[in-house]
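Within every chain, numbering begins at 1; the chains are lettered A, B, ... in the order of the sequence lines, protein sequences first and strands thereafter. All of these numbers come straight from a predicted model, not from anything done at the bench.
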Amino acid sequence: MKKIIDFLVSDVKWLNENTYLLDLYSEEKLPEILPGNFAEIRIEKASEVLLRRPFSIHDVDYEKNIISFFIKVAGKGTSQLAKYEKGEKLNVIFPLGNFFSLPKEKDILIIGGGSGIAPLKLMGKFFKENGVKPVFLIGGRTENDIFLVDELNNYGEVFITTEDGSLGEKGLVTQHPVFNSDNFKYKKIYTCGPEPMMKAIAKFASKNDIDCEVSLENTMACGIGACLCCVVETKEGNKCVCTEGPVFNIKDLKWQI
Amino acid sequence: MADLKVKIGNLEFKNPVTTASGTFGSGQEYSDFIDLNKLGGIFVKGITPKNREGNPYPRMAETASGMLNAVGLQNKGVDYFIEEIYPVVKKFDTHIIPNVNGSSIEEYLEVTEKLNNIDDIKAIELNISCPNVKEGGMAFGVKKSSAIAVTKAVREICDKTLIVKLSPNVTDIADMAKAVEDSGADAVSLVNTFLGMAINHKTRKPVLSTITGGLSGPAIKPIALRMVWQVSNAVKIPVIGLGGIMNAGDAIEFILAGASAVQIGTANFIDPQISVKIIDGINDYLNENNFNSVKEIIGGLMREI
Ligand SMILES: Cc1cc2nc3c(=O)[nH]c(=O)nc-3n(C[C@H](O)[C@H](O)[C@H](O)COP(=O)(O)OP(=O)(O)OC[C@H]3O[C@@H](n4cnc5c(N)ncnc54)[C@H](O)[C@@H]3O)c2cc1C
Ligand SMILES: Cc1cc2nc3c(=O)[nH]c(=O)nc-3n(C[C@H](O)[C@H](O)[C@H](O)COP(=O)(O)O)c2cc1C
Ligand code: FES
């Protein structure tokens, strides 16, 4: 069941000049949150922001009643949100959307880029609880854009690429040696990040007949399936990214790849 | 508790607060957040004769104090509504009012005819004002002759309370309202969205796949309010007011301008509980100002400043 709750800001922690972690505390017990689920946050302080903004849930602490978000500044809302101070109220609708499926396969590759690494921690936790040990591949422009390596290491090995080569392999995630298709050993890929990145990965996956789930970030108005603004074209017609997604198997999408 | 009951034609609403078509799904989407039984009515998402996929993504752009949409009447068709959606939502103690669409008079008639057979549906809203479809839609609502033709044709086969939803994209909305009144409408609802457009100057591309879309939200409220006031002065049938209502104060202003009921649209996206808060807010306002019934303030605008 979806909830609407007034959270209190418990922490805003900048990771670099445009990326921060936002922790929210609630008196109310948190419902079960699955990896890939997202929340719609109302940013009342920013009077020029009318609609709520969607963010993946990055982490949950059921004991302390805290949910966390991993946010990259994109515009008005995301910059105003970072200005909230400890103890201030934020109204949140959650948990929304579907979630990454638990893999049946053993060799799993999880790829994140940009703000798309937000759901990776929850995936790692959830997979570990279910006895799955994935490999993570995260990419950024420079070393300054690479986060969460230590945390993800708790759940599986972490590979890194940077476009300038300042950390890990040089290049885009899809240029990482794991993508050498002759000895690509992963049976399932999960990915979340910029659309060009996900499309490149989807192209590789479909060419090599590997099961692949992607998490989409279509612009949303309601987040609850009421407005039909967020649709993606699938083989069964338009589907709402907010309720039937954000996670889709690429074999259901009509991506031109 | 003040008396919140209002009448639209022969139909009684437990309160004047309803939700606007296309912003509230079929109602079920909101049932985790509010008690739907509290609402005066639910205007469900636009219905066409057959399944419609609507327009390609992107369909939405936030603008200053508003949003543009170009959904294009995505819906699964009237049969699906009757067989799958209506049986689920009819259990709620509120009026479920379908929003009827078509790209020709025949299509409007096809949808109306099927809905007309369902006893529990007491009213339909004829949408002659959707700006997001290539054929029909707004075309019917911006030309008086076609507005008259479609209203008359539907009136002939419709035994329900017939509410015609007007487009604001006209030069004289009061004239339009009179024309549909004379053609047999039991009530009018206004406004639908204003035709607008958004460009991303960085990419030099339109934001919406359809280039133009319908503007809604607080940005349109002053114009919508003016139109409701003009129409209320021009027709005898009840007026349902909407356009940018964000809180109880806004809703009361529409009622003072002459609306017998209001619809809440875009505000539902920002606060899914807003419709019920507005009902409570209207009740508080009536109590604080010593009115016994909401009917006492319909059209109650005090002319002296
Ligand atoms: C399901 C989902 C999960 C998401 N999870 C995260 C997350 O965990 N962390 C994170 O940092 N971001 C996430 N996003 C993206 C985030 O919602 C947008 O960055 C945010 O809405 C931008 O708001 P703004 O007011 O700062 O930008 P605006 O001022 O509204 O826009 C600035 C720029 O961002 C673009 N933009 C606006 N909204 C979106 C959007 N939804 N997707 C892509 N571009 C957009 C605009 O086109 C514009 O160019 C997610 C989006 C979705 C749909
Ligand atoms: C996403 C969206 C979808 C809509 N779909 C419909 C529709 O199917 N039929 C209709 O008559 N009006 C539709 N409308 C118009 C609304 O019912 C309403 O007239 C308009 O949004 C103005 O009210 P508001 O400013 O309170 O939102 C839609 C509006 C939005 C924002
Ligand atoms: S955002 Fe409204 S239906 Fe998905």
remark   = Nearest heavy-atom approach of B/Met60 to A/Ala221 is CE-N, 4.0 Å
ask   = Is B/Glu53 reaching over with its side chain to a backbone N or O of A/Gly237, donor-acceptor style, under 3.5 angstrom?
value = no
key: Whether over 12 other heavy atoms sit under 6.0 Å from A/Lys203 NZ   = no
inquiry  = Less than 4.5 Å apart, side chain to side chain, heavy atoms only: is that true for B/Ser65 and A/Leu50?
reply    = no
request  = Can you establish whether the number of heavy atoms outside A/Lys235 located under 6.0 Å from its atom NZ is more than 12?
outcome  = yes
Atom pair OG1/CG of B/Thr63 and A/Leu51 - distance to nearest 0.5 Å = 9.0 Å
request  = Indicate yes or no for a side-chain donor-acceptor contact from B/Asp32 to the backbone of A/Met1 under 3.5 Å, with no hydrogens or angles considered.
outcome  = no
ask   = Quick one: are B/Glu29 and A/Cys222 in side-chain contact, heavy atoms under 4.5 Å?
value = no
note = The interface call for B/Pro218 against chain A, heavy-atom contacts under 4.5 Å, is side chain
ask   = Which heavy-atom pair separates A/Glu48 from B/Glu62 by the least distance, and what is that distance?
value = O-OE2, 3.9 Å
query = Within a radius of less than 6.0 Å around CD1 of B/Ile199, do more than 12 heavy atoms belonging to other residues, nucleotides or ligands occur?
reply = no
A/Asn218 portion near chain B, given a 4.5 angstrom heavy-atom threshold = both
note = Value for OH (B/Tyr30) from CD1 (A/Ile4), rounded to nearest 0.5 Å, stands at 10.5 Å
ask   = Can you check whether A/Leu228's main-chain N or O pairs, donor with acceptor, with B/Gln74's side chain at less than 3.5 Å?
value = no
message = Nearest 0.5 angstrom please: A/Glu40 CD to B/Ile270 CD1, how far?
response = 11.0 Å
key: Heavy-atom pair with the smallest gap, counting every atom of B/Phe33 and A/Lys2   = CZ-CB, 3.7 Å
key: Pick from A/Ile93, A/Thr219, A/Asn238 with the largest number of heavy-atom pairs that fall under 4.5 Å of chain B   = A/Asn238
inquiry  = Taking CD in A/Glu17 as the centre, count heavy atoms belonging to other residues, nucleotides or ligands within less than 6.0 Å. Is the count above 12?
reply    = yes
remark   = The interface call for A/Glu233 against chain B, heavy-atom contacts under 4.5 Å, is neither
task = Might you confirm whether atom NZ of A/Lys45 has over 12 heavy atoms from other residues, nucleotides or ligands at distances under 6.0 Å?
result = yes
key: Heavy-atom check, side chain of B/Asn69 versus side chain of A/Cys227, under 4.5 Å   = no
task = Can you tell which part of B/Asn51 gets under 4.5 Å to a heavy atom of chain A, answering side chain, backbone, both or neither?
result = neither
message = Is B/Gln28 in contact with chain A via its backbone, its side chain, both, or neither, using a 4.5 Å heavy-atom distance?
response = neither
Check: B/Arg59 side chain, A/Val231 main-chain N or O, donor-acceptor pair, under 3.5 Å = no
request  = Run the numbers on A/Val232 and B/Tyr57 for side chain to side chain contact (heavy atoms under 4.5 Å, CB included), then give the verdict.
outcome  = CA-CA 7 Å; A/Val232 63; B/Tyr57 177 84; over 6 Å; no
request  = Check whether A/Lys239 gets within reach of chain B through its side chain, its backbone, both or neither, counting any heavy atom under 4.5 Å.
outcome  = neither
